[in-house]
Structures are given as C-alpha cells and as structure tokens.
Amino acid sequence: AAIGDVRITQQERYIKAAELLGGVVYRTPDCALHVHVGMPDPGTAVRACNGLREHLPLLHALGANSAYWHGQDARLASARFVLRRGFPRVEVPRAFRDFADWESGIAETLAAGELPDYTYLWWDVRPHPKLGTVEVRGMDVQSSAAANAAFAALIQALAAREVELPSLSDLQREALEESYYQAGRHGMEARLMVEGGEAIPAREVAVRALEEARPYAADLGGAGALVEIERILAEGNGADRQRRAFAAGGIPAVLEYLATATDVD
C-alpha cells in the first residue's frame, strides 16, 4: 500500500481514533497481534500485567515481522513498531500496586486527553476490564496461523506463571522501553535487559522464558503450540525469513514467501 491508501473502518470508535491521531494515521496499515488472557478478578489482572511487562521485549524480538517498508529494507526487524511508537499512549506502562492504583493512575490521563475511556490508552499490555482479560498488544502479527497460536499459548502460560509466582524484579520502565526498541531494531540478535540489570542475548532470554512457560502451557493445553516458538529460535523470526527471501529474489520473493506462509488448507 502507498502512503495515503489506509482506509479507516467506518465505525464510531475508529473514526474517533483517526480524529485523535491526525493525518499520520494514513501513512501505513498497522498489523499488530493482540492476545487476550482471561482473568478471574481485577487484582489478578494487575499482577499479570505487572509481570508481563518484563516479557514484552522478548515477545517483540521473537515476533518481529516487518523488515520492509514500501519495498525497502527498513534496517529494522520491526518497522511497524517504530511507526506505531509515533502515536500517543503507545508505551510500556508503569507497574501498579493494585487495581485501585490502576484506576486512579489512568484518570488524569483520560481527563488530560478528553478520552472516552481506558481503551484509548494503547499500552503494550493492559488490563481490559470490559472483557475480563489482560491484553498484550505489542507484537507484529505473524504470517502463519500456527505462529499466532504459539504466541497466544506462550503469553497465556507466562501470564499464569506471573500470577502464581510474581516477579520481584525492579527493572525500571525506561530500561524496558530501551530493551523493547533494541528488540525491534535487532530482532533475535538483540541483547535484552533482565532482572539484575544485565543485558543478555535474546535467545538466552527466550530459552529461560520457555522453561518457565512449559509447565503452565501443559496445564492450559497449549504446550504443542510452543513448537513454533522453538522454530523461531532455530530458523529466525519473520524478519529473518523475509530477508532470506529477498536475498533469493527481491521483493517478489518476499511477497511469494508471505503468500505461502499465510495460506491455510
């Protein structure tokens, strides 16, 4: 699509969002993956959100899938991430003490922006009380249904672990944001900040996360889906595959690869 080709869904919410964002909303389509995990109560949702914040850079590195923008290599694993960060309220939120802290924390922001409700805070992870879920929204959408299912299973398992064994990490939001950018810039070649203030290779972070997630995924019925995450570790993420296709045959080969990957029987 060329700049200006974006079409806004003609529903009240999306028309309102386009008004809030101005003309830049038309610069490129935004294909993000949103995963909702059901929560039993608001307090549990806040605990899950607090813990999932620290997994966001890894999820982004694993899922980076937009290396090209308007036919050119963006020199990013996720061009979508950088473009999306140009919009307001797209960020890693701070940790919240409890649900009351979340409610009071967003009230001033809503008032400052004259926003209708919390769903206009486009954080990368957030409680979603209207649906009774925690929503993780930061990743590029994947090219295959199996890969999207794998991210859903991984996030569900990590959320369950964070509820049962809350992280005691004291990583600052600013460090998480920088790790998030490094993931979008370098994909699986990034070094990501972990508890203790050390930056380590994304693959090591991924191995740790999979070890933590597997027993919870097994309990939740999602263990089989994690094969696709292991495939990313072995073969690279979507951005890596796009670049291999480009090296073999330019943008036509990238498009052919994407068409094949998205095909379902």
For this session: Give a yes or no on this: more than 12 heavy atoms of other residues, nucleotides or ligands lie within 6.0 Å of atom CD of Glu174.
Result: yes
Exercise. When rounded to the nearest 0.5 angstrom, what is the spacing between CG in Leu59 and CD in Glu54?
Worked result: 12.0 Å
Seminar exercise, completed: On a heavy-atom basis, the closest approach of Ala202 and Met188 is CB-O, 3.8 Å
Seminar exercise, completed: Correct closest heavy-atom pair for Ala253 and Ala245 would be CB-O, 3.2 Å
For this session: Search all heavy atoms of Ser78 against all heavy atoms of Ala64 and return the closest pair with its distance.
Result: CB-CB, 4.2 Å
Exercise. Is there a side-chain contact between Val35 and Met139, using heavy atoms and a 4.5 Å cut-off?
Worked result: yes
For this session: Can you establish whether the number of heavy atoms outside Gln72 located under 6.0 Å from its atom CD is more than 12?
Result: no
Problem set entry | Test item: Ser143 side-chain N/O and Ala261 main-chain N/O as donor-acceptor pair under 3.5 Å | no
Exercise. If two hydrophobic side chains count as joined below 4.5 Å and joins carry through other members, does Val141 share a cluster with Tyr68?
Worked result: no
Problem set entry | Interatomic distance, Leu255 atom CG to Leu258 atom CG [nearest 0.5 angstrom] | 6.5 Å
Problem set entry | Side chains of Lys130 and Asp117 in contact at under 4.5 Å (non-hydrogen atoms) | yes
Exercise. For Arg94, does the CZ atom have more than 12 heavy-atom neighbours from other residues, nucleotides or ligands under 6.0 Å away?
Worked result: yes
For this session: Would you give the length of the straight line joining atom CZ of Arg89 to atom CG of Leu115, rounded to the nearest 0.5 angstrom?
Result: 4.5 Å
Problem set entry | For the student: nearest non-hydrogen atoms of Ala67 and Ala239, plus distance | CB-CB, 3.9 Å
Problem set entry | Ring geometry between His60 and Tyr180 (parallel below 30°, tilted from 30 to 60°, perpendicular above 60°) | perpendicular
Problem set entry | Given Asn237, Asp240, Asp140, the one that forms side chain to side chain contact (heavy atoms under 4.5 Å, CB included) with Asn65 | Asp140
Exercise. Side chains of Arg173 and Glu91: does their closest heavy-atom pair fall under 4.5 Å?
Worked result: yes
For this session: Compare all side-chain heavy atoms of Gln142 with those of Glu228 and state whether any distance is below 4.5 angstrom.
Result: no
Exercise. Okay, side chain of Arg53, backbone of Val125: is any donor-acceptor separation there less than 3.5 Å?
Worked result: no
Exercise. Are Val136 and His34 close enough that some pair of their side-chain heavy atoms sits under 4.5 Å apart?
Worked result: no
For this session: State, yes or no, whether a side-chain contact exists between Val37 and Leu52 at a heavy-atom distance under 4.5 Å.
Result: no
For this session: Say whether, by atom type as modelled, one donor and one acceptor occur between the side chain of Asp124 and the main chain of Pro93 under 3.5 angstrom.
Result: no
For this session: Return the orientation label for the Tyr118 and His128 ring planes: parallel under 30°, perpendicular over 60°, tilted otherwise.
Result: perpendicular
Exercise. Given the rule that I, L, V, M, F, W and Y join up when any side-chain heavy atoms are under 4.5 Å apart, are Val46 and Leu131 in one cluster?
Worked result: no
Exercise. So does Glu230 have more than 12 non-hydrogen atoms from other groups sitting under 6.0 Å from CD?
Worked result: yes
Seminar exercise, completed: Tightest non-hydrogen contact, residues Asp101 and Ala95, listed as OD2-O, 4.4 Å
Exercise. Are any of the side-chain heavy atoms of Phe246 and Ile251 separated by less than 4.5 Å?
Worked result: yes
Problem set entry | side-chain contact (heavy atoms from CB on, under 4.5 Å) evaluation trace for Arg241 with Ile232 | CA-CA 10 Å; Arg241 295 173 199 171; Ile232 291 172; 3.9 Å; yes
For this session: With side-chain contact (heavy atoms from CB on, under 4.5 Å) as the test, would you mind laying out the steps for Phe151 and Leu62 before giving the verdict?
Result: CA-CA 9 Å; Phe151 276 88; Leu62 288 166; 3.7 Å; yes
Exercise. Quick one: CG on Leu154 to CG on Leu58, what's the gap to the nearest 0.5 Å?
Worked result: 7.0 Å
Problem set entry | Arg84/Arg137 under side-chain contact (heavy atoms from CB on, under 4.5 Å): CA gap, chis, key distance, verdict | CA-CA 11 Å; Arg84 182 65 176 171; Arg137 329 164 22 94; 4.0 Å; yes
For this session: Taking Thr44 for its side chain and Met39 for its backbone only, find out whether a donor-acceptor pair lies under 3.5 Å.
Result: no
Exercise. Hey, does Ile106 have a side-chain heavy atom less than 4.5 Å from the side chain of Trp123?
Worked result: yes
For this session: Test Glu177 against every option in Gln182, Arg85, Gln172 by the side chain to side chain donor-acceptor pair (under 3.5 Å) rule and name the one that passes.
Result: Arg85
Problem set entry | Trp69 and Leu76: CA distance, side-chain angles, deciding distance, side-chain contact (heavy atoms from CB on, under 4.5 Å) verdict | CA-CA 10 Å; Trp69 190 52; Leu76 300 160; over 6 Å; no
For this session: Grab the two heavy atoms, one from Val163 and one from Ala48, that are nearest each other, plus how far apart they are.
Result: CG2-CB, 3.8 Å
Exercise. Can a salt bridge be assigned to the pair Glu211 and Arg208 using a cut-off of 4.0 Å between side-chain N and carboxylate O?
Worked result: no
Exercise. Rounded to the nearest 0.5 Å, what separation is found between the CE atom of Met193 and the CG atom of Leu176?
Worked result: 9.0 Å
Problem set entry | Arg75 (side chain) donor-acceptor with Arg185 (main chain) under 3.5 angstrom | no
For this session: Could you tell me the separation between the CD1 atom of Ile155 and the NE2 atom of His36, rounded to the nearest 0.5 Å?
Result: 10.5 Å
